Structures are given as C-alpha cells and as structure tokens.
Amino acid sequence: MIKFEKFELKNGLKVIVHQDETTPIVAFNLLYNVGARDEDENKTGFAHLFEHLMFGGSVNIPNFDEPLQFVGGDNNAFTSNDITNYYITVPKNNLETAFWLESDRMLSLAFTEKSLEVQRQVVIEEFKQTCLNQPYGDVWSLLRPMVYKKHPYQWATIGKEIAHIENATMNDVKAFFFKHYLPCNAILSIAGNVTTKEIKALSEKWFGNIPSGEKPLRNIPLEPIQTEERRLRVERDVPANAIFKAFRMCKKTDDEFYATDLLSDILSNGSSARLYQALVKNNPLFSEISAYVMGSFDEGMFIISGNLQENTSFDEAEKAIEKELENIKKTLVAEHELTKVKNKIISSHEFAETSVLNKAMNLAIAELLGDANDVNFENEKYSKVTPEDINKVAKKILVSTNCSTLIYAKKTEVGSQKTEVKKQITNN
C-alpha cells in the first residue's frame, strides 16, 4: 500500500506527496499531460523535440544539468504517445534545487535559435539512427498507420518524418510550449523522506506564481472499428525475416485491460510460455517470438512479433501462430498457468515499489488517468482475472478481421543484385 496525500495550487498544478522514511533520496517527478497524440498530423515529433528542448536551459539557468550535478542529483525524461515525463532524484537536503530548476523552465524556457538548432539536429540524428539506419527500425512507422486510420496513434513518438522537425519554426515551437507546458496541465509527484507541509511550502514558493494558462482541450477522433484484415509486405536489408501482428485492444483504463495483459504473458512471458514452447523449442520455426500489450491511454495494440528461422516460410510461420491463437480461444487456460503469470506480474509490481522514483512516477500516471489511489488496487485487479476472462478477451481481439500484419522480408541476393544494377544504371 502506497500512502500519499495530494493538494492543488491555485494555478491548477496537482501535487502528490508520498513519505518514505527509509531512504535519503527524494524522487521529484513532473508529468505533463501531452504526448504525440496531441500533435498536428503535419507537425509531428514536437512532444519528443520538447523532451530535448527542456534540457536546453531556461532564462535564469542556462545549464540545467550542472546545478543538479553539484548537489548530487540525477535527471532524465521520456515521451510517449500519451505523456511527457521529467524526473529528478536528489538527496533530501538538496530537494529545493529540483523545485528551482523545474519551475524555472516551466515559467521561462530559453527559446534561443541556438538551442532549437542544436536539439533539432539531435532529434534528426536520433530519427536516422533508430528509424532509418537500424534493422527493423521502420516497423512502427509502417505498422501504426495500418492499425490507425483516424487516431493520432498512427505516428510514432519520434514523428512521421524528418521534414516535420527540419521545418519546425520558432513560432511553431513556442505555440506548442505555451499550449501544453502549463501548471494546469501538469502533475508533480514527490516521494521520499518528506512531509506534505514541506512540499506545500516549496510548491507555493517555486510554482505558485506561475500563471495557470488555459487547460488544452483534446479533440481526438475516435478510431473506427476494424472490420477486415490488413496486410503489408516490405523488403529490407535485415538479418532475418520477421512477422509483426497488431490486434486492436482496449485502453489502459478499461476493466478488460488486466485480462488482456495476462493473455500476452500466457503467450509469451518466459521460456515456459506457449509461443516459446510451441514455436521456438518444440517446433523451431522461430528464433524468437513475443507477445505484449502497448498499454496506451486510448485504444491500444496487442502485438505478436517474431523472427523466423532461416528455412521457415512466412506461410508456415503464420499458420503456426494462428494455430496457437486458436488453441487459447478454444480451451480455457488452466488455473495453475494463469496463477503463474499473475504471480510474476504481482511480484514485479511489488519489487518496483522499492524504488521511490517508480512510486512517484506511478502515482502521477494513476492520477492523470483518474485517481492516484488506483496504484494500490493494480495487483487486486490482476488477481481477480479468471480463465473465463482470458478466454473472452482472446475470442474478442485475436481474430483476423481485427489484425494488421506486417510481413518484414529480408532482401534476397537476387533482390540485392537488382538494386545494385539499378544504382549503376542511375549513376551512369
């Protein structure tokens, strides 16, 4: 049980305080309710760009990292399609440094051409390294638009294309910042050996005078129900053929999320899981195969992906996957098999709670999704899932008309030779 208190400043900043007297380290987690789904489809990658820009310095603090290093602190951030999250860990005696740093960049981020250009190049290079030059790097750029036709989940966090970041103007950047990076659009979560009284005083001192701004309204289009199978085949210079299957699933806050998550674990969590046993160990059609959920705030994806063995055909591989999915739809999962994956997930949650940073982060996310106290009922919700729940959700989502399949083929020698000939003709 994670005990906490929460309060809200007049400008709308929500603050959560968890007291943990066992550690000298305090976690300071600032979550902004903005992600890639909040971007214009013609200006994508901005939430991720801001993850970098926020470390470019503020008006009063040109170097964000340096003051933190002086007081023994550490920091980082991440962006998803749903949120942007900044976090700091620091010795308790130096906690006020974190308040000073984060409040200053919320109030007065330094919008300099130099900072924009530096971070623009960092993001462009990251795009090239992760999406263009890395084997299987474009999978999400290919798969997401297959699954989503209306919803902005159709592009990855890093953006649709490099040009959107290359062409970002200072006015574009400022407009995005002043729309989303506001006290009323943020949640601050503090975990460590602190009291609510201390945190209230520090919050008022450093964040209290920042103007609230106007909370942005979301108008995200609903994704139509998928009614037919979608398929795409590409050839790439990769070491092995691969298959990616994406099934539409519920959002993270739906009751059936817990059964869906456990279903993915039954199929793929560990060497005793069904897909590994059937398709890697007993009948080695794949060198590796996995199943997992995306855990998106809106309707997400249930993914099955695998790398094929050298002599396995795509047809053979797909039929083998489909056979395993049919098995789990036809027959109820045994209680001991379900209990095993429940125990894994529950022990994983309990281990995570030994970290003040994880607790601060999870409290903030839970509050954003509805109520911070929901973190205390996660394990209970997993525990209540029955074999019938697993069967029901498997029958609902693991069907061909709800599936988008990406066939990711490695280039053949003949294909490579054709490409080389084409290059020679073009060069001549």
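Numbers here are sequence positions counted from 1. From a predicted model like this one, the values you see are computed outputs, not experimental measurements.
Checking Y258 against E378 by side-chain atom types alone, a donor-acceptor pair falls below 3.5 Å. Residues N193 and D20 bring no donor and acceptor atom of their side chains to less than 3.5 Å of each other. Side-chain polar atoms of Y276 and N269 form no donor-acceptor pair below 3.5 angstrom. N29 and Y86 share no donor-acceptor pair across their side chains, judged by distance under 3.5 Å alone.
Look at E337 and K342 and you find no salt bridge, because none of the NZ, NE, NH1 or NH2 atoms lies under 4.0 Å from a carboxylate O. Salt bridge annotation for K205-E96: present, with a cationic side-chain nitrogen under 4.0 angstrom from a carboxylate oxygen. With salt bridges taken as basic N to acidic carboxylate O contacts below 4.0 Å, none links K340 and D265. Using a cut-off of 4.0 Å between Lys/Arg side-chain N and Asp/Glu carboxylate O, E316 and K319 are scored as not salt-bridged. A salt bridge does not link R120 to E166: none of the charged nitrogens lies less than 4.0 Å from a carboxylate oxygen. Salt bridge annotation for K6-D371: present, with a cationic side-chain nitrogen under 4.0 angstrom from a carboxylate oxygen. By the 4.0 Å N-to-carboxylate-O rule, E326 lies close enough to K329 to be salt-bridged with it. Of the charged side-chain nitrogens involved, at least one lies within less than 4.0 Å of a carboxylate oxygen, so that E380 and K384 count as a salt-bridged pair.
Judged by distance alone, with hydrogens and angles left aside, the side-chain atoms of N402 form a donor-acceptor pair with the main-chain N or O of I397 at under 3.5 Å. Without hydrogens or angle criteria, S115 side chain to T112 main chain gives no donor-acceptor distance under 3.5 Å. A distance-only check finds a donor-acceptor pair linking the side chain of E223 to the backbone of K149 [under 3.5 Å]. When atom types are taken as modelled, the side chain of N63 and the backbone of D65 share a donor-acceptor pair closer than 3.5 angstrom. Side-chain N or O atoms of Q226 include one that pairs as donor or acceptor with a backbone N or O of E228 at under 3.5 Å. Side chain of S348 to main chain of K344: no donor-acceptor pair is present (N/O by atom type, distance under 3.5 Å, no hydrogens or angles). Here the side chain of D82 pairs no donor or acceptor atom with the backbone of G35 at under 3.5 angstrom. Side chain of N85 to main chain of F78: no donor-acceptor pair is present (N/O by atom type, distance under 3.5 Å, no hydrogens or angles). No donor-acceptor pair closer than 3.5 Å links the side chain of T331 to the backbone N or O of I328. Not one N or O on the side chain of E8 forms a donor-acceptor pair closer than 3.5 Å with the backbone of L13.
Geometric assessment of R105 against the ring of F55 yields a positive cation-pi assignment under the 6.0 Å and 45° thresholds. Taking the ring centre of Y136 as origin, the terminal cationic atom of R236 falls outside the region bounded by 6.0 Å and 45° from the ring axis.
Looking only at side-chain heavy atoms (C-beta outward), F127 and N133 stay at 4.5 Å or farther from each other. Considering only heavy atoms from C-beta on, P145 stays 4.5 Å or farther from W155 through its side chain. The side-chain heavy atoms of F177 and F111, taken from C-beta on, include a pair separated by under 4.5 Å. Side-chain contact between F64 and M54 is absent, with no heavy atoms from C-beta onward closer than 4.5 Å. The shortest side-chain heavy-atom distance between F70 and T97 does not fall under the 4.5 Å cut-off. Contact check for L188 versus I16: no side-chain heavy atoms found under the 4.5 Å cut-off. Taking the side chain as every heavy atom from C-beta outward, E367 and L363 never approach each other to under 4.5 Å. When side chains are defined from C-beta on, I220 counts as touching P152, because their heavy atoms get closer than 4.5 Å.
Residues that satisfy the ring-ring contact (aromatic ring centres under 6.0 Å, His included) test with H48, not counting sequence neighbours, are H52. Annotation: ring-ring contact (aromatic ring centres under 6.0 Å, His included) contacts of F28 (sequence neighbours excluded): F99.
Between N60 and S108, the shortest heavy-atom contact is ND2-OG, 4.1 Å. Between F207 and N11, the shortest heavy-atom contact is O-ND2, 2.7 Å. The two atoms that bring A47 and A36 nearest to each other are CB-N, 4.0 Å, heavy atoms only.
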Take K392 and K396 through the test side chain to side chain contact (heavy atoms under 4.5 Å, CB included) and record every step on the way to the result.
CA-CA 6 Å; K392 182 180 177 181; K396 179 180 178 180; 5.7 Å; no
Salt bridge (charged side-chain N to carboxylate O under 4.0 Å, His left out) evaluation trace for K245 with E318
CA-CA 10 Å; K245 285 183 169 290; E318 278 202 89; 2.8 Å; yes
Step by step, work out the side-chain hydrogen bond (donor to acceptor under 3.5 Å, both in side chains) result for D138 and S141.
CA-CA 5 Å; D138 62 347; S141 299; over 6 Å; no
Derivation and outcome, salt bridge (charged side-chain N to carboxylate O under 4.0 Å, His left out), residues K410 and D237:
CA-CA 6 Å; K410 70 174 183 176; D237 187 12; over 6 Å; no
Let me see the working for L132 and I162 under side chain to side chain contact (heavy atoms under 4.5 Å, CB included), right down to the final yes or no.
CA-CA 10 Å; L132 303 182; I162 289 177; 3.9 Å; yes
Test ring pair (Phe, Tyr, Trp, His ring centres under 6.0 Å) applied to H180 and F50, step by step
CA-CA 11 Å; H180 297 288; F50 260 100; 9.0 Å; no
Working for side chain to side chain contact (heavy atoms under 4.5 Å, CB included), residues K200 and L9
CA-CA 9 Å; K200 270 186 178 177; L9 302 185; over 6 Å; no
Do E5 and T196 pass the side-chain hydrogen bond (donor to acceptor under 3.5 Å, both in side chains) test, and can you show the C-alpha distance, the side-chain angles, and the key distance before you say yes or no?
CA-CA 7 Å; E5 293 184 276; T196 301; 2.6 Å; yes
Apply side chain to side chain contact (heavy atoms under 4.5 Å, CB included) to the pair V234 and L232, showing each step before the final yes or no.
CA-CA 7 Å; V234 297; L232 175 66; 4.2 Å; yes
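Just one of N81, I83, N33 meets the side-chain contact (heavy atoms from CB on, under 4.5 Å) condition when paired with F297; it is I83. Evaluated for a side-chain contact (heavy atoms from CB on, under 4.5 Å) with F302, the options M249, R248, M294 yield exactly one hit, M249.
In this pair, F176 and Y181 present their aromatic rings tilted. The plane angle is within the 30 to 60° band.
To the nearest 0.5 Å, the span separating SG on C403 from CG on L398 amounts to 9.0 Å. Between L101 atom CG and I61 atom CD1 the span is 4.5 Å, to the nearest 0.5 Å. Summarising the geometry, atom OG belonging to S296 is positioned 6.0 Å from atom CE belonging to M301; distances are rounded to the nearest 0.5 Å.
Outside the 6.0 Å centre-distance limit, the rings of H164 and F46 are not counted as a close aromatic pair.
N209 CG: 12 or fewer foreign heavy atoms inside a 6.0 Å radius. Within 6.0 Å of the NZ atom in K150, the count of heavy atoms belonging to other residues, nucleotides or ligands does not exceed 12.
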